[in-house]
**Student:** 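Take a look at the following structure, please.
Each residue takes its place number in the sequence, starting with 1. Note that ligands are numbered from 1 as they come in the structure, with each ligand's atoms numbered from 1 the same way. Computation of the quantities below employed the complete heavy-atom set of this structure, encompassing side-chain atoms and omitting hydrogens, waters and symmetry-equivalent molecules.
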Amino acid sequence: MVRINKSGEVFVKLLYWGCAGSGKTTAVDTLYRLTKDGTFGKDVTPTGNLTKIAMASGSTLYFDRGIFQSKKQQKIFYHVYTVAGQARFSPLRKKIFLGTDGVIFVFDAQRNRIEDNINSLKELKNVAANKLITDLPILVMVNKQDLPNPLNKSEVEEILRQEGVFLPTDHKLYIWNPIVYETIALYSNAQNVYKVFAELARRTAVYQAMGDGKAPDTSKPIKLPPDVPDL
Ligand SMILES: Nc1nc2c(ncn2[C@@H]2O[C@H](COP(=O)(O)OP(=O)(O)OP(=O)(O)O)[C@@H](O)[C@H]2O)c(=O)[nH]1
Ligand SMILES: [Mg+2]
């Protein structure tokens, strides 16, 4: 749920979800650096530092959080979280998920991780009570494209289809299917990290403004209230 406080500030919660080691922390870290150093600083800027609660290995122990402020509409703040991907942290992920307005699912493109990716997606579906796409915009990163023989976009779309997270073309909400981005989360070699974040921010705004928090059904004409002249 997008939250608005008394002074009209808007808080949107975006969540990076995926199996252990898929690159969630790296993606948010790179997003922070790209927006801070101005490489992609057009639309948002980080406020404060990135909070990371991790083990010595670098694997997330609790969560990461970064806050980004819209530059054009300074009252809008994006609270960006990552979950801890290790299987044993499942109860914790459920808590971190609460109040999420949009999800970026991070696939690890290494072929020996396919099962882990699918298990993580199944867990997300369960936690989201099957409201992905309809109530919760979701985008997908197929991360680690710099490694040999990575999973590609169409292979991942097939997995999403099998898991029911990719609607058929005749479905009225088809246009809200997740876009699958082939990514590299490493800052030195970053690919599509900013793009996927910016698109999720855009989609959450559209769900809010046009669908009252749900995916707008664009197959029907939008009804204007009676006092609004039809232009
Ligand atoms: N080659 C390559 N390595 C990556 C990429 N993204 C992340 N990594 C590496 O993968 C490892 C795990 O990355 P993290 O960002 O910690 O993964 P995570 O998803 O946050 O993992 P958990 O916190 O355990 O859930 C680190 O060594 C990263 O440097 C990528 O695009 N390419
Ligand atoms: Mg992490």
**Student:** For atom 15 (O) of ligand 1, which protein heavy atom lies nearest, and how many Å away is it?
**Tutor:**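 The answer is Thr26 OG1, 2.4 Å.
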
**Student:** So, regarding Gly23 and ligand 1 (criterion: nitrogen or oxygen to nitrogen or oxygen, under 3.5 Å), is there a contact or not?
**Tutor:**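 So ligand 1 has an N or O lying under 3.5 Å from an N or O of Gly23.
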
**Student:** Between ligand 1 and Asn143, is the shortest N or O to N or O distance under 3.5 Å?
**Tutor:**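 Yes - when backbone and side-chain N and O of Asn143 are compared with those of ligand 1, one distance drops under 3.5 Å.
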
**Student:** Identify, with sequence neighbours excluded, every residue that meets salt bridge (Lys or Arg N to Asp or Glu O under 4.0 Å) alongside Asp146.
**Tutor:**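 Salt bridge (Lys or Arg N to Asp or Glu O under 4.0 Å) list for Asp146, sorted by chain: empty.
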
**Student:** Should Asp108 and Lys144 count as side-chain neighbours, where that means a heavy-atom distance under 4.5 Å?
**Tutor:**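 Side chain of Asp108 against side chain of Lys144, heavy atoms only: contact under 4.5 Å found.
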
**Student:** Identify the closest protein heavy atom to atom 24 (O) of ligand 1: which residue and atom is it, and at what distance?
**Tutor:**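 I find the closest protein heavy atom is Ser59 OG, 2.6 Å.
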
**Student:** Do me a favour and list the nearest non-hydrogen protein atom to atom 29 (O) of ligand 1 with residue, atom name and distance?
**Tutor:**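 For this ligand atom, the closest protein heavy atom is Leu186 CD2, 3.6 Å.
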
**Student:** Considering only non-hydrogen protein atoms, determine which one is nearest to atom 19 (O) of ligand 1 and report residue, atom name and distance to 0.1 Å.
**Tutor:**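 Nearest neighbour among protein heavy atoms for atom 19 (O) of ligand 1, to 0.1 Å: Lys24 NZ, 2.7 Å.
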
**Student:** Answer yes or no for Thr82: is there a heavy-atom contact with ligand 1 below 4.0 Å?
**Tutor:**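 Heavy atoms of Thr82 never come under 4.0 Å of ligand 1.
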
**Student:** Are Lys195 and Glu199 within salt-bridge range, i.e. N to O under 4.0 Å?
**Tutor:**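 Glu199 and Lys195: not salt-bridged.
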
**Student:** Between Arg3 and Phe11, is NZ or CZ placed under 6.0 angstrom from the six-membered ring centre and within 45° of the ring axis?
**Tutor:**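 No - Arg3 does not lie over the ring of Phe11 by the 6.0 Å and 45° rule.
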
**Student:** Using a plain distance cutoff, I'd like to know if Thr183 has any nitrogen or oxygen under 3.5 Å from a nitrogen or oxygen of ligand 1.
**Tutor:**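 In fact, backbone or side chain, Thr183 has no N or O that close.
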
**Student:** If you measure only the distance, is there a donor-acceptor pair under 3.5 Å linking the side chains of Ser59 and Gln86?
**Tutor:**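 Judged by distance alone, the side chains do pair up.
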
**Student:** Does an N or O anywhere in Ala185 fall below 3.5 Å from an N or O of ligand 1?
**Tutor:**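 Yes: some nitrogen or oxygen of Ala185 is under 3.5 Å from one in ligand 1.
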
**Student:** Which atoms of ligand 1 sit under 4.0 Å from any heavy atom of Leu147?
**Tutor:**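 This gives 1 (N) as the contact atoms.
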
**Student:** Which label fits Phe107 and Phe105: parallel for a plane angle under 30°, tilted from 30 to 60°, or perpendicular past 60°?
**Tutor:**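 Ring orientation, 0 to 90° scale: perpendicular.
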
**Student:** How close does the nearest protein non-hydrogen atom get to atom 10 (O) of ligand 1, and which residue and atom is it?
**Tutor:**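 Heavy-atom neighbour on the protein nearest atom 10 (O) of ligand 1: Lys144 NZ, 3.5 Å.
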
**Student:** So Trp17 and Arg93, do their side chains get closer than 4.5 Å, heavy atoms only?
**Tutor:**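 They are in contact (side-chain heavy atoms under 4.5 Å apart), so the answer is yes.
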
**Student:** Looking only at distances, please establish whether an N/O atom of ligand 1 is found under 3.5 Å from an N/O atom of Gly85.
**Tutor:**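 N/O-N/O distance under 3.5 Å: yes.
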
**Student:** Is atom 27 (O) of ligand 1 in close reach of the protein, with a heavy atom under 4.0 Å away?
**Tutor:**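 Not a single protein heavy atom is under 4.0 Å away.
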
**Student:** Geometry only, no angles: is Ser22 polar-contacting ligand 1 at N/O separations under 3.5 Å?
**Tutor:**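 There is such a contact, yes.
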
**Student:** For the side chain of Asp116 and the backbone of Cys19, is there at least one donor-acceptor N/O pair under 3.5 Å apart?
**Tutor:**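 Flag not set: sc Asp116 to bb Cys19 has no pair under 3.5 Å.
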
**Student:** Short N/O distance, under 3.5 Å, between Gly21 and ligand 1?
**Tutor:**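 Yes.
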
**Student:** Can you tell me if Thr60 and Thr25 form a side-chain donor-acceptor pair at under 3.5 Å?
**Tutor:**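 Note: Thr60 and Thr25 side chains meet the donor-acceptor criterion.
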
**Student:** Show the nearest heavy-atom pair for residues Lys13 and Leu98, with the distance to one decimal.
**Tutor:**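 Looking at all heavy atoms of both residues, the closest pair is NZ-O, 2.8 Å.
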
**Student:** Roughly, to 10 degrees, what angle do Thr25 atom OG1 and Thr60 atom OG1 form around the Mg ion (ligand 2)?
**Tutor:**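 Reported to 10°, the angle equals 90°.
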
**Student:** Among protein heavy atoms, which lies nearest atom 1 (N) of ligand 1, and at what distance?
**Tutor:**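 Of the protein heavy atoms, Asp146 OD2, 2.8 Å lies nearest.
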
**Student:** Hey, does Val206 have a side-chain heavy atom less than 4.5 Å from the side chain of Pro216?
**Tutor:**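 The answer is yes; the side chains approach within 4.5 Å.
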
